[in-house]
Amino acid sequence: MNALGNQMFDKLSKELDFPFKRTGSLVVCFSIDEIEILNRLLKQGEENGIEGLRIINKDELKKMEPNLSDDVAAALYAPTAGIVCPYEMTIALAENAVENGVEFKFNTLVMDVKKVSDGFEIKTSEGKIHTRMVINAAGIFADNINNMVSRNNIEIIPRKGEYCLFDKSLGGVISRTIFQIPTKMGKGVLVTPTVDGNLLIGPTALNILDKEDVTTTNEGLEYALNMGKRTLRELPMDKIISSFAGLRAHPVNNDFIIGEAEDAKGFINAAGIESPGLSAAPAIAKTIEDIVVNKIKPNIREDYNPIRKGIPKFREMSNEERENLIKNNPAFGKIVCRCEMITEGEVIDSIKRPLGASTLDGVKRRTRSGMGRCQGGFCTSRIVDILARELNIPITDVTKFGGESRLLTNKNKDGIE
Amino acid sequence: MMEVDVLVIGGGPAGLAAALSVKEEGINNILIIEREDKLGGILNQCIHNGFGLHIFKEELTGPEYAQRFIDRIEENKIPYKLNTMVININKEKIVTAVNSVDGVLEIKAKSIILAMGCRERPRGAINIPGSRCAGIYSAGTAQKFVNIKGYMPGKEVVILGSGDIGLIMARRMTLEGAKVKCVIELMPYSTGLKRNIVQCLDDFNIPLKFSHTVVNIKGKERLQGVTIAKVDENRKPIIGTEEFIPCDTLLLSVGLIPENELTKCAGIKLSKVTSGPEVNESMETEADGIFACGNVLHVHDLVDYVTMESIKAGKSAAEYIKGSRIKNKKAIVVNAQCGVRYTVPQYINPENVKDNIDIRFRVSNLYRDSYICVYFDERLEIKIKKRILTPGEMETVTIRKDVFSKYPQCKNITIKVEGDLNG
Amino acid sequence: MDKRELICIGCPLGCSLEVDIEHNNVVKVSGNQCKRGIDYAMKECTNPTRIITTTLEVIGGKDEMVAVKTDKDIPKDKIFDCIRVLKNIKVKAPIKIGEIIYKNILNTGANIVATSNVYVYGDS
């Protein structure tokens, strides 16, 4: 799935206009004894159909990645590996789905899934939904959903991964994704450039109990940084601009759970998709598509549009392109996020487009405003203003990410009795 | 392509004073570029008093101080562009800027004055673990919300860092109806001005906890509280000293960083200590004809000093245009040693010193009853007794021009903090 | 005789003052670098006062808020009373620096004056 998915990224990223770069990856080892393990990984990779794999000796490695630690002994090189912006890719997919008629229901909790004669009845916090088929892509909650309808119970363990993000001035320290030799907890802490030019270190891997716990911890961040220090010659701590954590959906049986539930025909799982789930995602989707098409046998849609156009990226344009953009819409001449060079035009577009942003984080993930070295210090108040204006809501109703995550509580002196 | 004699990047206190000083020297082809919608820079949101005692001999608020310069900019008809952001400077001193009206502008400048100011260190820079919920702001962001927008970022506040903006915001939030529970400082001393501790914290009985830090942030959507802990002498949290403080807002006042991305574009190296460019007595950077002043150079506590420094930068830029400045490659190097973290300027060409020169610097620790000593090569020339020296307050030594003539061969000036040598 | 240690807030230099007090009278101030230090010590030991700065809502202005201050220092214990008086005051644009917004607040003799210019919305 990983190898298959990887090959699909070039086309997908072009059609959906999200950044993807084939930068290559290196699995490094720190002693001559471990080269044996690299050889084993090489064989395994070749069996899986990954092309161009080879072992790189220390001298060549120094030329490829001069900032790697002197302790690195050798590496397994995979030239086809790539990097992608995970949220931009997801948003691109979702926007394209909307364009093609998919309806999204947010803030809707699935409470029960019942098999009925002609399909399923889904009980949600916002009412009942009747459907012929269900695709369960509920991430770390996929077990809860599956177990509502199937007796073949599955169990997903939330596995926390913590990351540290570094300033763009470190983006060029390495040009490929650097792994260490994988452990039984996964592929370990990697050091990688991001598509936007930052340096990213992580993730840690810790099984936890709370499926909503995305807090970072002192131990986790320290561990990630220590592993990063092992890979790199130098790691300036004063260049960290942010840290965060996420949960991978680790299936107890250690393998992706993809396919129709035996005792609930029409209920299709895409569960336990832990790493390398993102690379595999397009291939998993194809597998599921085949199942659905086989079952429902729908007509091919003539008007299906595989193309999605992203928000214009002022920061990546030539001055000529910028000039034209501003002429057509002066809002693109007003830079609101100075660190990432994001214009008001981009922020407005992110709010106005299909499935548009309605929160500060929504704007951030679509435009990168607030993701730079000042972490929103200067642009937060401007984005809050634009959100309130474009959504026509009071400024005190603007949230960071929905719910009760309000950014401003009241007017000045309201608290004075 | 537009051509100017002196381009000033930044319309805050540094840029305004520098532009006026260029004009006073008889240079008329000046342009100020400002990214905000008005001149004045960060002073516009610093509505508290305490500005201008050195320059105007009276105590003004930030906007009043700024307005005095803005009025003179208008009187002198110095051109400026608002809502305009410089996105590049190249080595030929061609500046690229963007705004809604002109689109992409290219300006060829004979001389450039960098006056872009500084930014606040974010949470990531100190890597506080915990939730990424709403309610965590840098103190300056909160200041903008409260003072410019009129909205409060929260009701119950903990402030991390005793930098001046944090202290000022403790008082502002209190006066606007919030409860400030405490200010937490990692170091055993304050990084802000003493008078701000008195009038912003003591006046309102807000506790200041030294040698403490925030070790965890709790809250799913909005902040619910922070865990603080005492730290040891290596600034590591001491297990068992944790204390949970319920609050809906955490303000960070953990330091300022000169904003020098454009400086780097121009190929100018930055000092590892100040994060700003190194300059000589004329405020000129290593790049010919590019000057720097204000917080882009090093972070100041007093705007008055920014103004003085900027007047000098403006004057030097004008002299550069007129060709009346003496160029010398054998500048004296100013070294910071023994408790002195850095100096500005870092180089001095004595020929360009008019009557005297101020060397500004910060110390790296708290010192009591000690001396600031200035050495010309090996010879101790100046020794000033100081009852107290703290990293939070910038120090100045003034060297008279005639001292330089005593040491015509001098290669190094060294500034040190020394203990009570003579008992 | 009592000794009190103060930090002068007269200017950002923040001189450490030592004040000798006899029968509620300041008899000696040391550590100050200028006359402000003496004035401050006298007041702080007898009738402490402060300048108050805050913002008020603007009607019809380019800016949402106008910055204001008391044009002289007021007794420290009247700070919150002063804020309470200002709580619901809104000011119509245009506003010029120095303009009196509120006269003789709480009979302190201090006026609330604008410290920022606010132009009318739509004007350039």
Side-chain angles (χ1 to χ4, degrees), chain B residues 37-38 40 43-54 57-68 70-71 145-151 164 168 171-172 174-177 190 192-200 202-204 300-305 368 387-388 390 392-394, chain C residues 5-18 30-31 33-34 36-37 40 44 48-58 61-73 76-77 79-84 86-87 90-91 95-98 113-119 124:
Chain B
D37 60 2
K38 57 170 84 161
L43 286 178
N44 288 323
Q45 69 181 55
C46 300
I47 65 152
H48 53 279
N49 56 324
F51 301 89
L53 276 164
H54 297 260
K57 310 292 171 217
E58 61 179 305
E59 196 169 21
L60 302 172
T61 66
E64 289 172 309
Y65 188 93
Q67 196 60 43
R68 297 214 170 176
I70 297 169
D71 288 346
F145 276 127
V146 177
N147 291 353
I148 304 292
K149 296 274 146 205
Y151 282 90
D164 286 312
I168 293 287
R171 177 175 63 182
R172 283 296 295 136
T174 306
L175 285 180
E176 297 298 340
S190 169
L193 297 172
K194 283 173 286 194
R195 83 166 199 156
N196 283 336
I197 294 175
V198 175
Q199 59 180 2
C200 298
D202 297 352
D203 275 4
F204 303 97
H300 296 67
D301 337 303
L302 296 191
V303 73
D304 299 67
Y305 292 165
R368 283 178 207 281
R387 276 174 65 186
I388 192 153
T390 100
E393 317 215 358
M394 191 184 282
Chain C
E5 288 196 355
L6 293 175
I7 285 163
C8 178
I9 64 168
C11 86
L13 286 181
C15 296
S16 301
L17 309 179
E18 216 176 79
S30 53
Q33 290 178 43
C34 75
R36 284 168 179 277
Y40 173 74
E44 195 67 7
T49 58
R50 297 288 184 263
I51 297 265
I52 304 301
T53 63
T54 184
T55 52
L56 300 175
E57 212 175 311
V58 173
K62 244 186 178 171
D63 301 318
E64 287 98 329
M65 308 298 283
V66 59
V68 298
K69 68 176 180 187
T70 53
D71 61 1
K72 62 186 211 76
D73 40 355
K76 215 171 116 176
D77 56 14
I79 292 177
F80 277 100
D81 291 333
C82 174
I83 292 287
R84 254 175 233 120
L86 295 174
K87 182 174 171 178
K90 294 180 184 177
V91 196
I95 308 158
K96 281 290 277 177
I97 288 180
V113 296
T115 57
S116 63
N117 289 337
V118 183
Y119 301 101
S124 60

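Residue numbers begin at 1 in each chain, while the letters A, B, ... track the order of the sequences. As a basis for the values below, the full set of heavy atoms in this structure was taken, side chains included, without hydrogen atoms, waters or symmetry mates.
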Exercise. In Å, rounded to the nearest 0.5 Å, how long is the span from CD1 of C:I52 to CZ of B:R171?
Worked result: 7.5 Å
Seminar exercise, completed: Heaviest contributor of heavy-atom pairs below 4.5 Å to chain C, chosen from B:E59, B:K149, B:R195, is B:R195
Exercise. Measuring heavy-atom distances to chain C, does B:L193 have an atom under 4.5 Å in its side chain, in its backbone, in both, or in neither?
Worked result: side chain
For this session: Could you walk me through whether B:N49 and C:K69 pass side chain to side chain contact (heavy atoms under 4.5 Å, CB included), step by step?
Result: CA-CA 8 Å; B:N49 56 324; C:K69 68 176 180 187; 5.6 Å; no
Exercise. Between B:L53 and C:R36, which heavy-atom pair has the shortest distance, and what is it?
Worked result: CD2-NH2, 2.8 Å
For this session: Kindly give the heavy-atom pair with the smallest separation between B:N147 and C:M65, and that separation in Å.
Result: O-CB, 3.8 Å
Seminar exercise, completed: Highest number of heavy-atom pairs under 4.5 Å with chain C among B:E393, B:R172, B:Q199 belongs to B:R172
For this session: List in chain and number order the residues that pass side chain to side chain donor-acceptor pair (under 3.5 Å) with C:T53, two or more places apart in sequence or in another chain; answer none if no residue qualifies.
Result: none
Seminar exercise, completed: When the 4.5 angstrom heavy-atom criterion is applied to C:C8 and chain B, the contacting part is backbone
Problem set entry | Stepwise side chain to side chain contact (heavy atoms under 4.5 Å, CB included) check, B:I47 with C:T55 | CA-CA 8 Å; B:I47 65 152; C:T55 52; 3.7 Å; yes
Seminar exercise, completed: Note: B:K194 and C:S16 closest approach over all heavy atoms is NZ-OG, 4.2 Å
Exercise. Between B:V198, B:D301, B:D37, which has the largest tally of heavy atom pairs under 4.5 Å with chain C?
Worked result: B:V198
Problem set entry | Any residue meeting side chain to side chain donor-acceptor pair (under 3.5 Å) with B:D202, in chain and number order, not counting sequence neighbours | none
Exercise. Is it the side chain or the backbone of C:L56 that comes within 4.5 Å of chain B heavy atoms, both, or neither?
Worked result: neither
For this session: Step through the shown structure and confirm whether more than 12 heavy atoms of other residues, nucleotides or ligands are within 6.0 Å of CZ on C:R84.
Result: yes
Exercise. Relative to chain B, which segment of C:I97 carries a heavy atom at a distance below 4.5 Å: side chain, backbone, both, or neither?
Worked result: side chain
For this session: State whether a side-chain donor-acceptor pair under 3.5 Å links B:E176 with C:T54.
Result: yes
For this session: May I ask you to decide whether B:K38 forms a salt bridge with C:D63, counting only side-chain N to carboxylate O separations under 4.0 Å?
Result: yes
Exercise. Relative to chain C, which segment of B:Y305 carries a heavy atom at a distance below 4.5 Å: side chain, backbone, both, or neither?
Worked result: side chain
For this session: Measure the spacing between CD of B:Q45 and OG of C:S116 and express it to the nearest 0.5 Å.
Result: 12.5 Å
Exercise. How far does CD1 of C:I79 sit from OG1 of B:T174, to the nearest 0.5 angstrom?
Worked result: 10.5 Å
For this session: Step through the shown structure and confirm whether more than 12 heavy atoms of other residues, nucleotides or ligands are within 6.0 Å of NZ on C:K87.
Result: yes
Exercise. Measuring heavy-atom distances to chain C, does B:Y65 have an atom under 4.5 Å in its side chain, in its backbone, in both, or in neither?
Worked result: neither
